[in-house]
Amino acid sequence: MPSSDTSRPCKRCKAENAPFRLRKDPACRDCFVQYVVNKMIKRLGAMHKDIRVSRLPVHRRYLAGLSYGPSSSVLAQILDETAHRHSTNKASSPFEPIIVHIDTDLSPQGGESPARKLLEEYRQRFLHATFECVPLSDVLSVKSIDWSTLPLDAGTPDEDPAARLRRLFDALPTVTSRADILRQLVRHLLLHTAIERSCSALLLGHSTTALAALTLSEVANGRGFAVPLQVADGMTTVCKYETTPDGAVQETSRLEFPVYYPLREIFRNEMLQYIDLVPSLKEVVPSNEADATSNVVSHKDMSIEEVMARYFQSVEEGYSGIVANVVRTTGKLDRSQGDSFCGSCGMSLDAEGDSRWAGEIGDDSGHGSGSGGVSRLCYGCKRSIHG
Ligand SMILES: [Zn+2]
Ligand SMILES: [Zn+2]
């Protein structure tokens, strides 16, 4: 954000030309850019210490989600730059970012999708990262979801996967639940791809602002119990489900996988300013975010997620301390984990039973009729899937 007071020098390097404002202090262009990069590099370093299994230099292969929004684009650009720096420094271990966009376009395919075209633009600008476009329909083969909990027609497994997913979304009761389930499926597919590619962590580009919005929309969606674990950096449990010959679904294994948010200390407005200052990003990041978001969810109605996102974007500038506090306080909440996990979103189930969430929010649904696996859903997913 350009500062109104341009007479003061840069707080960090004392340069005279300091037209930007960084946490209330004047900043020059270079110090602003360096601030964002350093914040992320610091978090990546902390993550490396957290997850490494040996003190010897290791090959670092990370998978990062790219939605084409500002934050995940900044994540991709800084990862690319980091990979470049590692490749020119002979003493450092290999650093290999794999950037994955999940293409949520489920309309019948004709030619190259807009998401693939846009990914090509990113690929041409960021030469030290690998880019991949994965269709959302690939999620149907992902075993970390107990598919019997979702309204997926089991009778037509050979049909076009995109058509099957379209019907699944059509069967969901509200815009909010479609947005909610879509986000869960994207997260499952990113985790699945990260594990499949032997990556050592999944990186998500959420800003402080996005994490605050995620926190409150998860509470509103009835998943308050899982919020501390979901918003914090660290291990997430990935269960694997198989259908037994008699048609029952069983959890067959589970593993722990690291999920980190390396841009968690940067506000959304700072992200936008950063993009404006870095030409490779400015050229490629779509300015109209509606283009980048999913068309599974109708734009006419807003989901709780969108309402929260817009709310936090609007209060961020004036109340950045409060926005940061939502995330910081959540990080300090009890991270106790139940022993069983929701078959849909994969979040830990409340050990004391999620009837207490139902009690708080009001369980007014008559779910359960003819739908298998309801007991393996958290309260939030019950509401999303069955209304
Ligand atoms: Zn400076
Ligand atoms: Zn759930």
Side-chain angles (χ1 to χ4, degrees), residues 1-3 5-39 139 142 144-152 168 172-174 176-188 191 214 217-231 236-239 241 249 251 254 270 273-274 277 304-305 337-351 353-358 361 363 365 367-368 371-387:
M1 54 231 77
S3 165
D5 174 16
T6 50
S7 58
R8 291 160 63 206
C10 172
K11 167 100 187 223
R12 288 168 170 79
C13 74
K14 311 295 174 222
E16 285 302 322
N17 184 14
F20 308 105
R21 206 174 62 214
L22 192 50
R23 311 278 160 137
K24 300 198 163 55
D25 294 320
C28 69
R29 186 249 170 222
D30 289 354
C31 286
F32 191 100
V33 167
Q34 208 50 50
Y35 175 85
V36 174
V37 173
N38 287 350
K39 281 270 181 197
V139 77
V142 170
S144 58
I145 300 165
D146 174 355
W147 285 101
S148 71
T149 61
L150 286 160
L152 183 72
L168 184 152
L172 296 173
T174 61
T176 291
S177 56
R178 283 195 278 278
D180 184 36
I181 297 298
L182 175 64
R183 194 168 53 76
Q184 306 300 347
L185 296 185
V186 168
R187 185 182 158 93
H188 277 288
L191 270 168
L214 175 66
S217 68
E218 281 292 69
V219 171
N221 282 339
R223 267 187 221 100
F225 179 70
V227 160
L229 275 168
Q230 203 193 347
V231 171
T236 192
T237 306
V238 183
C239 300
Y241 300 94
V249 174
E251 188 195 315
R254 52 173 78 161
E270 293 169 339
Q273 179 67 71
Y274 178 85
L277 296 175
I304 287 178
E305 274 179 59
Q337 178 160 308
D339 192 40
S340 52
F341 297 86
C342 171
S344 173
C345 69
M347 299 300 154
S348 174
L349 293 174
D350 191 339
D354 20 56
S355 52
R356 73 173 165 162
W357 296 101
I361 301 175
D363 192 354
S365 60
H367 53 67
S371 41
V374 168
S375 62
R376 289 189 298 277
L377 290 174
C378 70
Y379 178 67
C381 287
K382 273 180 206 163
R383 295 245 311 185
S384 269
I385 297 166
H386 302 286

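Both counts, for ligands and for their atoms, begin at 1 and track the order of listing. Values reported hereafter were calculated over all heavy atoms of this structure, with side chains retained and with hydrogens, waters and symmetry mates removed.
Within a 6.0 Å sphere centred on NZ of Lys39, other residues, nucleotides and ligands contribute more than 12 heavy atoms. The 12-atom threshold is not exceeded at NZ of Lys24, counting heavy atoms of other residues, nucleotides or ligands nearer than 6.0 Å.
Trp147 contributes a side-chain N or O that, together with a main-chain N or O of Val142, makes up a donor-acceptor pair within less than 3.5 Å.
For the Zn ion (ligand 2), protein N, O or S atoms closer than 2.8 Å were enumerated as Cys342 SG, Cys345 SG, Cys378 SG, Cys381 SG, with waters left out. Within a radius of less than 2.8 Å around the Zn ion (ligand 1), the protein N, O or S atoms are Cys10 SG, Cys13 SG, Cys28 SG, Cys31 SG.
Between Ser344 and Leu150, the shortest heavy-atom contact is OG-CD2, 4.0 Å. Arg223 approaches Gly380 most closely through the heavy-atom pair NH2-C, 3.9 Å. What you find for Cys28 and Ala15 is that their closest heavy atoms are CB-CB, 4.4 Å. Among all heavy-atom pairs drawn from Glu270 and Phe32, the shortest one is O-CE2, 3.7 Å. Considering all non-hydrogen atoms of both residues, Ser177 and Leu172 come closest at OG-CB, 3.9 Å. Here the shortest heavy-atom pairing between His386 and Leu377 reads NE2-CD1, 4.0 Å.
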